[in-house]
Engineer: 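Right, I'll just put the structure down here and ask away after.
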Amino acid sequence: MKNDELISRVASVLHRRLDEHGRLHGDVGAVVLGSDGNTYTGVCVDTPSWGLCAERSALAAMISKGTYRFEKVVAVWRDEETDKLHVLPPCGVCRQFMRDIDELNLGAIVLGLEQIAKLRDLLPYHEWPRPLE
Ligand SMILES: [Zn+2]
């Protein structure tokens, strides 16, 4: 699946909601192209007790179907004032989560701000350390 198709797919799940506590939900969305060929989407959820990034939300949907490896991931946010989409790079927790669910995900493509990178390039020093001598 082409990158612009993935971005269009994830843009369709954005649904910004400002709750009574001033917290935003659904204003960032993510799509994952799983190794099974299916796409999985998710949105961010921000509550006083816990927050979840769109990327991990999409990955949870993928894992729910029994798939742990993915080929591509992209997250987007729409600027309400300009109505323009922005591609967001995953935060550090999401990068580590992507690696931890299956180490082969280090070869997955991550669409970022103005670059496309493999997950391994966004997680330097990710190898398990050797024991001390
Ligand atoms: Zn994140």
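Ligands are counted one by one from 1 in listed order, and the atoms in each one are counted from 1 as well.
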Engineer: Which residues and atoms, counting only protein N, O or S, are under 2.8 Å from the Zn ion (ligand 1)?
Structural biologist: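 Listed by chain and number, the nearby protein N, O or S atoms are Cys53 SG, Cys91 SG, Cys94 SG.
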Engineer: Nearest 0.5 Å please: distance from the CZ atom of Arg120 over to the CG atom of Asn105.
Structural biologist: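 Arg120 atom CZ to Asn105 atom CG measures 10.5 Å (nearest 0.5 Å).
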Engineer: Nearest 0.5 Å, please: how far is CG in Leu52 from NE2 in His25?
Structural biologist: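 Here the rounded value is 12.0 Å.
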Engineer: Kindly compute the distance separating CG (Leu18) from CG (Asp46), expressed to the nearest 0.5 Å.
Structural biologist: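 If I round to the nearest 0.5 Å, the distance is 10.5 Å.
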Engineer: Checking one residue: Ile63. Which other hydrophobic residues are in its cluster under the side-chain 4.5 Å linking rule?
Structural biologist: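 Val32, Tyr40, Leu59, Met62, Tyr68, Phe70, Val73, Phe97, Met98, Ile101, Leu106, Val110, Leu119, Leu122, Leu123, listed by chain and number.
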Engineer: Would you sort out whether Asp27 and Arg78 count as a salt bridge (charged side-chain N to carboxylate O under 4.0 Å, His left out), showing the intermediate values?
Structural biologist: CA-CA 7 Å; Asp27 65 322; Arg78 182 184 305 282; over 6 Å; no
Engineer: So how far is it from Leu111 CG to Ile116 CD1, rounded to the nearest 0.5 Å?
Structural biologist: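 Answer for the CG-CD1 pair, Leu111 versus Ile116, is 4.5 Å.
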